[in-house]
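Input: a single structure, listed below in structure tokens.
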Amino acid sequence: MNFEAHLAPYAARSATSPGRSHAEAAPDSRTEFQRDRDRIIHSTAFRRLEYKTQVFVNHEGDLFRTRLTHSIEVAQIARSIARNLMLNEDLVEAISLAHDLGHTPFGHAGQDALNACMKNYGGFEHNMQSLRVVDKLEEHYGNFDGLNLMFETREGILKHCSALHAAELGTIGRRFLTHQQPSLEAQLANLADEIAYNNHDIDDGLRSGLLTPKQMEEVDLFARHWHEVERLYPGISGRRAIHETIRRMINALIMDLIQTSAARIADAGIQTLDDVRHRGPLIAFSDSMFAEATILKRFLRENLYRHYRVNRMTSKAQRIVTALFDTFMQEPTLLAPDHRVTKPDPDPQRQAVKHARKVADYIAGMTDRYAMREHRRLFQVDEI
Ligand code: MG
């Protein structure tokens with residue numbers, strides 16, 4: 001059965017894909033990209049997303065988004081849009097569910113701290129780490145490391161990458177050097193991520209009380225829908241008003257993205273995936289929606305992500321990550337054997353780089369609560 005027969009000619013397809021690094025027999029009950037999605041869901045890193053911060057640390061409240069619920073929301077949005085554009089839903093779902101697998105504990109604070117720690121050892125980028133998780137770190141299969149995912153899934157996971165790292169990555173990094181675009185599915189997953197976090201961060205920000213609807217009214221995209229909801233449901237208030245507003249915002253962003261992208265694909269005369277790779281980005285918001293979304297992002301940066309209560313957690317998170325890293329760098333014997341370099345390098349500098357990467361892998365894999373516990377185990381004498 002051809003599950004991909006209905007797709008647009010420029011969609012990614014199992015049959016024409018460069019495939020997997022390790023050859024495997026084709027699956028008989030699903031597409032190659034469904035198989036990727038299934039492997040991601042069964043991975044260890046995926047389960048850890050439940051206990052990793054998006055903006056609010058996991059223990060701050062049960063209703064805030066975690067990386068897991070965020071990833072599921074991204075997949076939902078991406079699939080809706082993909083179906084409208086006749087793109088490969090299975091591929092966008094796989095990319096969406098995997099896009100944050102490499103995130104450290106404590107969100108961006110953790111990633112910035114780990115990147116600073118790794119400055120002299122090759123740095124740390126969460127997109128590259130997500131790829132590293134699916135290519136190398138997962139231990140699920142007898143004859144290869146990682147999940148052995150399809151090229152297009154891996155390409156979508158590697159959303160950004162510095163030129164230096166791109167050169168080291170070989171085929172998968174090449175597009176960053178030749179300035180080509182990834183598949184439409186990868187472009188789409190990237191923007192679905194933005195739609196998801198902008199909207200759920202408003203919801204979580206309002207829920208936490210760090211933001212108020214009054215304050216949000218200075219953002220046109222919010223105010224327009226908020227006022228429409230007040231007009232449609234006189235006297236509406238509280239969570240119901242917020243949810244009615246946010247669902248309208250998500251819908252407006254999705255509809256704009258579908259219409260703008262469909263027009264751009266048609267205008268550019270795109271026929272094949274190869275055409276996609278040689279054009280500029282085709283999945284995009286209209287200029288006016290892009291401008292509004294940019295204002296919203298700036299608002300969230302200034303008022304939520306840099307709120308003093310978020311800053312306090314950010315600061316603690318950076319101290320925890322830095323302390324863990326420094327301690328493990330100075331005293332490798334505190335690490336369980338699994339997290340140590342198995343074949344020490346005779347060259348001290350190369351050995352330090354190898355060791356640092358093992359430490360970074362260990363820390364990046366930690367959930368928020370595991371990192372806090374590990375910190376207590378190392379620094380509090382009565383914690384074992
Ligand atoms: Mg994300």
Side-chain angles (χ1 to χ4, degrees), residues 53-57 60-61 63-67 69-78 80-81 96 99-100 107-109 112 159 187-261 281 283-314:
T53 301
Q54 188 63 27
V55 174
F56 296 90
V57 179
E60 289 183 284
L63 291 177
F64 296 123
R65 267 68 175 188
T66 64
R67 291 239 171 246
T69 60
H70 162 69
S71 301
I72 294 170
E73 289 183 31
V74 175
Q76 180 273 315
I77 291 167
S80 297
I81 300 167
S96 302
H99 85 285
D100 273 352
H108 283 282
D112 292 347
K159 196 162 57 174
Q187 297 179 33
L188 169 49
N190 186 19
L191 289 177
D193 185 22
E194 265 194 57
I195 296 177
Y197 69 67
N198 283 330
N199 284 283
H200 67 47
D201 288 352
I202 296 173
D203 189 33
D204 284 352
L206 292 168
R207 183 185 304 282
S208 64
L210 302 192
L211 298 177
T212 63
K214 187 88 213 117
Q215 186 188 9
M216 288 292 315
E217 281 185 57
E218 71 177 72
V219 179
D220 282 350
L221 187 59
F222 180 89
R224 195 165 63 240
H225 298 290
W226 179 253
H227 293 139
E228 191 196 353
V229 168
E230 284 179 327
R231 196 166 56 244
L232 286 171
Y233 306 101
I236 194 169
S237 64
R239 302 295 321 156
R240 208 183 289 267
I242 292 165
H243 289 148
E244 278 288 354
T245 304
I246 290 175
R247 77 184 187 95
R248 281 173 169 72
M249 287 175 63
I250 295 176
N251 195 51
L253 287 156
I254 287 178
M255 290 312 296
D256 183 89
L257 195 68
I258 291 170
Q259 282 156 9
T260 311
S261 304
I283 304 292
F285 293 112
S286 62
D287 291 346
S288 60
M289 189 59 97
F290 179 80
E292 286 200 318
T294 305
I295 290 169
L296 168 62
K297 279 201 268 192
R298 195 183 311 137
F299 175 90
L300 287 172
R301 196 165 54 241
E302 286 165 8
N303 296 283
L304 180 63
Y305 310 142
R306 291 183 190 155
H307 192 287
Y308 81 94
R309 276 171 53 199
V310 174
N311 286 345
R312 285 182 184 194
M313 197 59 231
T314 304

Can you tell if the side chain of [X] reaches within under 4.5 Å of the side chain of [Y], non-hydrogen atoms only?
| X | Y | answer |
| --- | --- | --- |
| S96 | D193 | no |
| T53 | R67 | no |
| W226 | T245 | yes |
| I81 | L191 | no |
| L211 | F299 | yes |
| N190 | Q187 | no |

Among all residues two or more places apart in sequence or in another chain, which pass the side chain to side chain donor-acceptor pair (under 3.5 Å) test with [X]?
| X | answer |
| --- | --- |
| E218 | none |
| N303 | Q215 |
| H200 | H70 |
| E292 | R224 |

What residues, two or more places apart in sequence or in another chain, satisfy salt bridge (charged side-chain N to carboxylate O under 4.0 Å, His left out) together with [X]?
| X | answer |
| --- | --- |
| E217 | K214 |
| E230 | none |
| E73 | R65 |
| D201 | none |

Pairs under 3.5 angstrom only: tabulate donor-acceptor contacts from the side chains of residues 232-242 to other protein residues two or more places apart or in another chain.
{"unit_1": "R239", "atom_1": "NH2", "unit_2": "D203", "atom_2": "OD1", "d": "2.5"}
{"unit_1": "R239", "atom_1": "NH2", "unit_2": "H243", "atom_2": "NE2", "d": "3.2"}

- Task: Look at the side chain of R248 and the backbone N and O of H225, then say whether any donor-acceptor pair between them is shorter than 3.5 Å.
- Result: no

- Got a sec, which residues hit side chain to side chain contact (heavy atoms under 4.5 Å, CB included) with A291, two or more places apart in sequence or on another chain? none

- Query: Can you name the residues that form a side chain to side chain contact (heavy atoms under 4.5 Å, CB included) with S80, not counting sequence neighbours?
  - Reply: Q76

Please output the side-chain donor-acceptor pairs of residues 306-314 that fall under 3.5 Å, not counting sequence neighbours, one pair per line with the distance.
{"unit_1": "H307", "atom_1": "ND1", "unit_2": "R309", "atom_2": "N", "d": "3.1"}
{"unit_1": "N311", "atom_1": "ND2", "unit_2": "R306", "atom_2": "O", "d": "3.2"}
{"unit_1": "T314", "atom_1": "OG1", "unit_2": "V310", "atom_2": "O", "d": "2.8"}

- Task: Go through the steps for L221 and N198 under the test side-chain contact (heavy atoms from CB on, under 4.5 Å), then give the verdict.
- Result: CA-CA 11 Å; L221 187 59; N198 283 330; over 6 Å; no

- Message: Does either side chain, that of D100 or that of S71, offer a donor lying less than 3.5 Å from an acceptor on the other one?
- Response: no

